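Labels below follow one simple rule: chain letters A, B, ... track the order of the sequence lines, proteins then strands, and each chain is numbered from 1. What you see is a predicted model; the values in this text were computed from it and never measured.
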Protein chains: 2
Amino acid sequence: MTARVIAAHTDPMSVSGHKGSGSPSGPGPEPHRAASIRDVARAAGVSYQTVSRVINDRPNVREETRRRVEDAIEALGFRRNPTAFALASGVTRTVTVLTSNTTLYGYAATLQGLEEAARAAGYSLGVKLLTPEDDLDRTLTSAVADGGGLVVIGFDRLGATALDHVPADVPCAAVVEAPPPGRTPPRPAVWADDREAARAATAHLLDLGHRTVHYLAIPSSVGTRHSEGPRAQGWRSALETAGVTPPEPHGGKGWDARAGYDQAQALAHDPAVTAVLCGNDDLALGVLRALHHAGRSVPGDVSVIGFDDAPHSGFVTPSLTTVRMDFQGLGRDAFALLRDRLEHAPRPPAPTFAGTALIVRESSGPPPA
Amino acid sequence: MTARVIAAHTDPMSVSGHKGSGSPSGPGPEPHRAASIRDVARAAGVSYQTVSRVINDRPNVREETRRRVEDAIEALGFRRNPTAFALASGVTRTVTVLTSNTTLYGYAATLQGLEEAARAAGYSLGVKLLTPEDDLDRTLTSAVADGGGLVVIGFDRLGATALDHVPADVPCAAVVEAPPPGRTPPRPAVWADDREAARAATAHLLDLGHRTVHYLAIPSSVGTRHSEGPRAQGWRSALETAGVTPPEPHGGKGWDARAGYDQAQALAHDPAVTAVLCGNDDLALGVLRALHHAGRSVPGDVSVIGFDDAPHSGFVTPSLTTVRMDFQGLGRDAFALLRDRLEHAPRPPAPTFAGTALIVRESSGPPPA
DNA sequence: CTGAAAGCGCTTACAG
DNA sequence: CTGAAAGCGCTTACAG
């Protein structure tokens, strides 16, 4: 019933504190001031500007001089101080991602794609959590002050709002739930074709013979009242195409299995319901559970389809028919967009095509006879 | 089947580039050089050192002067440049977390706890992913160069190895799988009592009447050959206490449901097996699935217990008996440890007691008669 | 209580 | 091809 904390105070001197030639305390390597550009210059017998040229791969350095400097760098274990670099050059190889969540599968996977791309490009990655209680402007200002660029994950309302508040002159890319409205998008952004994916999932159920399909929504980043998210739109459009009047959508109040369970009560107990499309897999798990408690079988009595293809969705029973998304690809693409913006790329980034795909498993089938 | 990328190049000027009084391009606010300490000083009619005093809450500033400076700060929207602050002061309010994973529940939740604590303390949080392919020393050097402190998530071998390689003079705290061996721990660290939790879970199964309990392991951060992780130890110890010879543990080759499914084949098809403790909930889901495919019911034929209590574990069928962990608490505590180290706290941090708890649900019950 | 100086580690012009 | 100067925005002593 306990978590333990143990503290070891082995080194009373802060490495970040100003150096003094303090006597080495205790065993181990003595606190070692990092070599600076001047130390390297001295060791190589050149001026420190020349060192700067070498570490920045600038031309106009004699081959032999360059070699001597490189040897000194190696010998002293020199690494350029990123803080000083940032201050002097005005360039920060940093990307800060703003997100309201880091544990839900879609968010976590997007974050991972972002991280991989950032690391590959030599960027550091920062994370700032968006919370309703927190002062949004404060969070944004502090993110901007950190330098570098911003990537906002705009899957939900909080993220979308944050995106709207990013000052126009701050380099920023976004991964969003749906294409921004209007012809001149305010920001570089990436998104998956959720609308089409939802349409295909709904059509799959209709093709199976269901007379209609109910929808349990995730909270959307776009208006809750007058408009709905792309997944809901795709569902609605598939029904309309088939000449079916869409029933009232459910949900919209949460993302997790508990929210799915709670919000599916009405659906689960309505014998007319034979097919439910869910805004994500967690919600679908909750629906499965509600159906179980209502004594209805899946897919015998009711078919259920999820969204996102979380790693465990193929291993629950019944395994979940769902839409596979490429969140990591979205993250990578968003980083690429930001980087182009940051580094003044001459050409606009090439469109990439990461896929969505309907994965049919056990939870969907024909309606009861 | 597509993800779309759209690029908007609304602002050709980089905000991070050196300012020039560039003509404002297009609509929107013109690129605005952030106010500096000198701008504030000018506006307030004082020297910039006085501004420095005010923003650092230093004494020895006349009340009226302070007020004038604060007004100027407000009027100009001044925010101290963190990069310059870091360079001049040698203090970086940044924590970089090193982790091999960001999507598995335990990692993601720990990260979230870290983020919350960091934000509350006014620290920025960076994330660096640890990969087997990557050069560990390079990753570490770059993390250290970013300044501030490190928190490494040492749940697995990669994390534990990284922790071992952190130079002794770098401020660092860790969240680890098990208490560090030896009496003088090398680093401030936090951990939960996994051993005791696994013991309790195993005892629960024994109390239910099972003759023995099998174990499906997660990969451990500690030696795979001569030693085993704390969860395995707790399981083993509970069996031994009950006078039962522990069977050979399974698993150790992966963390997710697929790994659980694959590694549970032998257990699932062995009629003598009536109880399985799993290293985490994902593994348990895979075991449930393997059992289902083998035609064995849970908990009728076999009881299954997981670890971690992931958010959906209560909503699968059968719902999972599992051990609830306080990963967020672990993250918060690790940050507190690091902060104390960074800010030279006089007192060692007080031990905190975050809980683990056995949550009994549907997947465990008495053995078949 | 307040100001003038020097410096953090680097870069970008500007000389030679 | 290489060096001396000025500056990034702030802080920490040091004067008054």
Side-chain angles (χ1 to χ4, degrees), chain A residues 14-20 32-69 72-73 76-93 144-148, chain B residues 14-20 32-69 72-73 76-93 144-148:
Chain A
S14 164
V15 73
S16 59
H18 273 217
K19 69 253 124 270
H32 196 64
R33 180 169 73 79
S36 82
I37 208 182
R38 292 175 216 259
D39 298 324
V40 173
R42 197 174 310 120
V46 298
S47 77
Y48 61 84
Q49 293 86 339
T50 298
V51 177
S52 176
R53 283 190 192 94
V54 171
I55 64 183
N56 288 296
D57 266 326
R58 217 78 80 182
N60 293 352
V61 179
R62 219 187 342 153
E63 192 45 49
E64 194 233 310
T65 308
R66 180 182 302 275
R67 180 167 254 106
R68 251 189 307 150
V69 171
I73 287 175
L76 299 182
F78 168 81
R79 299 214 96 222
R80 173 222 267 150
N81 179 321
T83 303
F85 173 82
L87 183 59
S89 70
V91 171
T92 311
R93 280 193 130 66
V144 169
D146 282 350
Chain B
S14 166
V15 74
S16 60
H18 275 215
K19 69 255 126 266
H32 196 64
R33 179 168 75 77
S36 83
I37 206 182
R38 293 176 216 260
D39 298 324
V40 173
R42 198 174 309 123
V46 298
S47 77
Y48 61 83
Q49 292 85 337
T50 298
V51 177
S52 176
R53 284 191 191 92
V54 171
I55 63 183
N56 289 296
D57 265 326
R58 218 78 80 182
N60 293 352
V61 179
R62 218 188 342 154
E63 193 45 49
E64 193 233 312
T65 309
R66 180 183 301 276
R67 180 165 254 107
R68 251 189 307 150
V69 171
I73 286 174
L76 299 182
F78 169 82
R79 298 214 96 222
R80 173 222 266 152
N81 179 321
T83 303
F85 172 82
L87 183 59
S89 69
V91 172
T92 311
R93 281 194 130 66
V144 171
D146 282 350

- request: In sequence, state the C-alpha distance, the side-chain angles, and the governing distance for Arg66(B) and Val46(B), and then conclude on side chain to side chain contact (heavy atoms under 4.5 Å, CB included).
  value: CA-CA 10 Å; Arg66(B) 180 183 301 276; Val46(B) 298; over 6 Å; no
Rounded to whole Å, CG of Asn81(A) lies from P of dG9(C) at a distance of 7 Å
Rounded to whole Å, the CG-P distance (Leu76(A) to dG9(C)) equals 14 Å
note: Arg93(A), atom CZ; dC10(C), atom P; distance rounded to Å ~ 16 Å
Per side chain to side chain contact (heavy atoms under 4.5 Å, CB included), Val51(B) is matched among Val61(B), Thr65(B), Val69(B) by Val69(B)
To the nearest angstrom, the CG-P distance between Asn56(B) and dT11(D) comes to 4 Å
Across all chains, not counting sequence neighbours, the side-chain contact (heavy atoms from CB on, under 4.5 Å) partners of Tyr48(A) are Ile37(A), Arg38(A), Ala41(A)
What nucleic acid atoms does Arg80(B) come within less than 4.0 Å of, heavy atoms only: base, sugar-phosphate, or nothing?
-> sugar-phosphate
I'd like a table of atom pairs between the protein and nucleotides 3-5 of chain C - only N or O on both sides, under 3.5 Å - with the distance next to each one.
unit_1	atom_1	unit_2	atom_2	d
dG3(C)	OP2	Ser47(B)	N	3.0
dG3(C)	OP2	Ser47(B)	OG	3.0
dG3(C)	OP2	Thr50(B)	OG1	2.8
dG3(C)	N7	Arg53(B)	NH2	3.4
dG3(C)	O6	Arg53(B)	NH2	2.6
dA4(C)	N7	Gln49(B)	NE2	2.2
dA4(C)	N6	Gln49(B)	NE2	3.2

Of Thr92(B), Leu87(B), Val91(B), the one forming a side chain to side chain contact (heavy atoms under 4.5 Å, CB included) with Ser89(B) is Val91(B)
By side-chain hydrogen bond (donor to acceptor under 3.5 Å, both in side chains), Arg80(B) pairs with (sequence neighbours left out) Asn56(B)
- [ ] For the pair Arg68(B) (side chain) and Ala44(B) (backbone), establish whether a donor and an acceptor sit closer than 3.5 Å, ignoring hydrogens and angles.
- [x] yes
When rounded to whole Å, the CD1 to P distance for the pair Ile55(B) and dC10(D) reads 6 Å
Across all chains, not counting sequence neighbours, the side-chain contact (heavy atoms from CB on, under 4.5 Å) partners of Val144(B) are Leu150(B), Val170(B)
Taking Watson-Crick and G-U wobble contacts under 3.5 angstrom, with | marking pairs to another strand and [ ] crossing pairs, the secondary structure of DNA chain D is written |||.||||||||.|||
Between CG of Leu87(B) and P of dC10(D) the distance, given in whole Å, is 12 Å
CD1 (Ile55(B)) and CZ (Arg79(B)) are apart, to the nearest 0.5 Å, by 10.5 Å
Ordered by number, residues from residues 58-68 of chain B within less than 4.0 Å of DNA chain D (heavy atoms) are Arg58(B)
Between CD1 of Ile37(B) and C1' of dT2(C) the distance, given in whole Å, is 14 Å
